[in-house]
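When a ligand or atom number is given, it counts from 1 through the structure's own listing order.
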Amino acid sequence: MAPRRWLLLLFLAAGVLQSLAQPDSRDCGLAEEASYVDDTTTLAYISDAGFTDAGMNYNISAEYLGFSRRGHNLRSFPDGVRNCYTLRSLVSGLKYLIRAGFLYGNYDGLNRPPASFDLHIGVNFWKTVNMSTWGADQGNTATVEAIIVVPNDLLQVCLVNTGSGTPFISSLDLRPLKRTFYPQATAEQGLVMLARLNAAPVNKTGTIRYPDDPHDRLWYPWFDATIWAEISTTERVYGVGDDLFEVPWKVMQTAIVTRNTSKNIWFGWESLDAEPRDDDPSRPGYVAILHFAELQLLNASNGELRQFYINLNDELAYPTGFTPEHLVSNAIYDTKPSRHSGYNFSINATANSTLPPILNAVEVYYVIPSTNLGTDSQDASAAMVIKAKYGVRKNWMGDPCFPRTMAWDGLNCSYAAANPPRITSIPPVV
Ligand SMILES: *[C@@H]1O[C@H](CO)[C@@H](O)[C@H](O)[C@H]1NC(C)=O
Ligand SMILES: *[C@@H]1O[C@H](CO)[C@@H](O)[C@H](O)[C@H]1NC(C)=O
Ligand SMILES: *[C@@H]1O[C@H](CO)[C@@H](O)[C@H](O)[C@H]1NC(C)=O
Ligand SMILES: *[C@@H]1O[C@H](CO)[C@@H](O)[C@H](O)[C@H]1NC(C)=O
Ligand SMILES: *[C@@H]1O[C@H](CO)[C@@H](O)[C@H](O)[C@H]1NC(C)=O
Ligand SMILES: *[C@@H]1O[C@H](CO)[C@@H](O)[C@H](O)[C@H]1NC(C)=O
Ligand SMILES: *[C@@H]1O[C@H](CO)[C@@H](O)[C@H](O)[C@H]1NC(C)=O
Ligand SMILES: *[C@@H]1O[C@H](CO)[C@@H](O)[C@H](O)[C@H]1NC(C)=O
Ligand SMILES: *[C@@H]1O[C@H](CO)[C@@H](O)[C@H](O)[C@H]1NC(C)=O
């Protein structure tokens with residue numbers, strides 16, 4: 001097996017921060033013109049009405065109103081195969097975190113959530129949303145997140161009906177990220193979140209979110225008292241100089257350690273090939289990002305040392321023993337996606353270590369290609385102008401020509417390899 005490429009973040013002079021575009025949050029199905037400030041995140045939510053011209057608004061049923069306000073209403077798309085949101089005024093080439101939230105909450109009174117539907121970002125497949133993953137006791141919820149580089153100043157997020165129930169959506173958030181962040185997200189590939197775990201958080205039930213994290217990531221609590229002990233500090237944890245992840249310090253202030261120095265911390269997952277797809281038959285590649293900070297003041301002259309190896313499937317994933325710095329957040333991460341049928345990370349103390357291995361947080365993403373080409377942008381703009389001027393045809397949503405199976409009714413497109421599809425004719429407008 002080829003050596004895996006891992007990279008340790010070094011201490012470097014702090015980079016110049018770039019100014020960021022504003023976060024941008026839509027509460028889907030909220031009455032047009034309505035807006036509010038979310039209590040937990042202090043972010044403003046606006047109605048999604050200006051971003052799609054399809055679908056119908058619903059309120060969820062009263063018994064589920066205990067959930068966050070974003071989930072109280074939604075937009076459902078009973079008509080058409082593909083329905084899209086168009087997000088404008090983005091910065092072309094900038095990296096964004098994009099998050100869609102779903103809370104069924106028996107909005108249709110049928111007590112039958114859709115089994116699944118697909119999400120596309122632009123013309124690229126994003127994820128199949130499985131509404132049965134979280135049980136009915138939770139009102140059937142799902143949250144999906146991706147980190148992508150937007151190719152354009154306009155981005156479309158589409159819900160695709162795959163015959164397993166009516167697609168709907170409760171919220172859609174867009175968060176600009178620094179360009180240097182998550183270097184694995186590029187123009188060619190996006191990252192879809194599989195897990196983002198906060199080890200041994202103080203509050204074991206809630207997710208940690210803005211304002212502790214300017215990038216508004218969701219951190220899920222992770223702790224198993226039967227396996228691990230927890231350690232924590234009340235002191236501030238700072239990032240390394242050239243911090244590519246800026247994990248909130250509240251996340252880094254807590255960690256798991258093994259109860260016995262000779263035991264391993266381990267975690268793992270199975271590859272998602274349970275969902276083989278015609279448009280992407282190969283196994284997805286994964287990247288893992290492990291976040292470490294020492295939280296105890298060690299006495300080196302007394303021989304105290306915490307040093308460990310990081311292994312993936314019983315091979316060294318990082319070439320040497322690693323010792324985290326006191327109160328400094330650092331990451332060890334895959335620079336390239338790896339492909340295995342199963343992943344088992346284990347972290348074990350080196351022979352010289354007097355303290356058990358530690359882990360503060362971990363993120364796992366799988367890679368989606370973002371290389372499908374949408375319709376030639378001038379052709380697409382022209383078609384959208386015509387659509388806006390003369391009213392909507394039923395499936396005039398999303399990209400005009402791509403994918404072929406969802407091309408706009410009445411348009412004729414030409415497809416040449418390696419070039420964006422072109423519109424060859426537009427039907428006479430009635
Ligand atoms: C949803 O509830 C709000 C507030 O009670 C109400 O103003 C709105 O008309 C309802 N919307 C629908 C689609 O029933
Ligand atoms: C959705 O998840 C449930 C529970 O994990 C699983 O049984 C079901 O097969 C999944 N459905 C789809 C369409 O993936
Ligand atoms: C923990 O999180 C839950 C859910 O967000 C919240 O209701 C509760 O108040 C929090 N507890 C503490 C001690 O912060
Ligand atoms: C730690 O594990 C080693 C090897 O399994 C065992 O010999 C030792 O007794 C354990 N120590 C404690 C404190 O449980
Ligand atoms: C560190 O260990 C040395 C040697 O045992 C001891 O003399 C010293 O007091 C310790 N320092 C602290 C801060 O505990
Ligand atoms: C993963 O590796 C650890 C340590 O090598 C082992 O204890 C654990 O059983 C493994 N888990 C799986 C699911 O293979
Ligand atoms: C830690 O794991 C590595 C790789 O699995 C193994 O070679 C090494 O012997 C282990 N170290 C100790 C001290 O157990
Ligand atoms: C362990 O300590 C010895 C003595 O200081 C040193 O020679 C050796 O390189 C150390 N091993 C590791 C894995 O750091
Ligand atoms: C579009 O293509 C169809 C099928 O190839 C053809 O019959 C039709 O004439 C074309 N329409 C125009 C306006 O070129």
Side-chain angles (χ1 to χ4, degrees), residues 1-12 197-202 204 221-245 247 249-250 252-269 287-336 338 340 342-364:
M1 193 178 294
R4 296 162 44 70
R5 289 166 198 244
W6 285 73
L7 197 67
L8 168 63
L9 299 189
L10 302 170
F11 284 90
L12 291 174
L197 305 175
N198 177 12
V202 174
K204 308 252 182 319
W222 179 46
F223 185 66
D224 185 342
T226 64
I227 310 178
W228 297 304
E230 60 183 284
I231 61 171
S232 63
T233 180
T234 53
E235 291 186 71
R236 179 83 189 250
V237 179
Y238 290 90
V240 284
D242 188 19
D243 190 347
L244 300 185
F245 304 103
V247 176
W249 51 273
K250 278 197 176 171
M252 296 305 292
Q253 271 180 330
T254 63
I256 52 171
V257 293
T258 54
R259 294 186 185 280
N260 185 326
T261 303
S262 68
K263 290 278 189 283
N264 300 346
I265 291 177
W266 67 270
F267 62 92
W269 67 93
V287 296
I289 306 163
L290 282 62
H291 301 282
F292 300 102
E294 180 56 75
L295 304 180
Q296 281 173 235
L297 195 53
L298 308 185
N299 186 344
S301 58
N302 208 10
E304 289 186 328
L305 173 70
R306 194 192 307 278
Q307 189 188 48
F308 46 80
Y309 295 113
I310 300 160
N311 313 287
L312 170 57
N313 296 347
D314 293 327
E315 293 196 3
L316 280 179
Y318 182 72
T320 63
F322 180 65
T323 296
E325 296 282 327
H326 187 229
L327 301 181
V328 175
S329 173
N330 206 339
I332 290 186
Y333 60 94
D334 279 307
T335 55
K336 293 223 162 74
S338 67
H340 302 281
Y343 296 76
N344 187 357
F345 275 93
S346 76
I347 306 174
N348 64 341
T350 65
N352 289 352
S353 187
T354 63
L355 291 159
I358 190 173
L359 182 60
N360 306 63
V362 61
E363 296 175 77
V364 178

Identify the protein heavy atom lying closest to [atom], giving its residue, its atom name and the separation to 0.1 Å.
atom: atom 14 (O) of ligand 5; value: Asn299 ND2, 3.3 Å
atom: atom 13 (C) of ligand 4; value: Asn260 ND2, 4.5 Å
atom: atom 3 (C) of ligand 8; value: Asn352 ND2, 3.4 Å

According to the interplanar angle, ranging from 0 to 90°, do the rings of [X] and [Y] count as parallel (below 30°), tilted (30 to 60°) or perpendicular (above 60°)?
X: Phe308; Y: Phe322; value: perpendicular
X: Phe245; Y: His291; value: perpendicular
X: His340; Y: Tyr343; value: perpendicular

Atoms in ligand 4 with a heavy atom of Ser262 nearer than 4.0 Å = 1 (C), 2 (O), 3 (C), 4 (C)
Non-hydrogen protein atom less than 4.0 angstrom from atom 5 (O) of ligand 8 =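 No, no protein heavy atom sits under 4.0 Å from atom 5 (O) of ligand 8.
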Atom 11 (N) of ligand 4: any protein heavy atom closer than 4.0 Å =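 Protein heavy atom within 4.0 Å of atom 11 (N) of ligand 4: present.
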Indicate yes or no for a side-chain donor-acceptor contact from Tyr318 to the backbone of Tyr333 under 3.5 Å, with no hydrogens or angles considered.
->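 Flag not set: sc Tyr318 to bb Tyr333 has no pair under 3.5 Å.
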Mark yes or no for whether Asn260, through its side chain, and Ser262, through its backbone, hold a donor-acceptor pair below 3.5 Å.
->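 Indeed, once roles are kept as given, a pair shorter than 3.5 Å links the two residues.
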Please say which of Ile256, Ile231, Ile347 ends up in a side-chain contact (heavy atoms from CB on, under 4.5 Å) with Ile358.
-> Ile231
Ligand-residue contact atoms, ligand 5 with Ser301, heavy atoms, under 4.0 Å |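 Every atom of ligand 5 under 4.0 Å from some heavy atom of Ser301: 1 (C), 2 (O), 3 (C).
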Considering only heavy atoms of Tyr309, which atoms of ligand 8 have at least one such atom less than 4.0 Å away?
-> 13 (C)
Tell me which part of Lys263 gets within contact of ligand 4: side chain, backbone, both or neither, using heavy atoms under 4.0 Å.
-> side chain
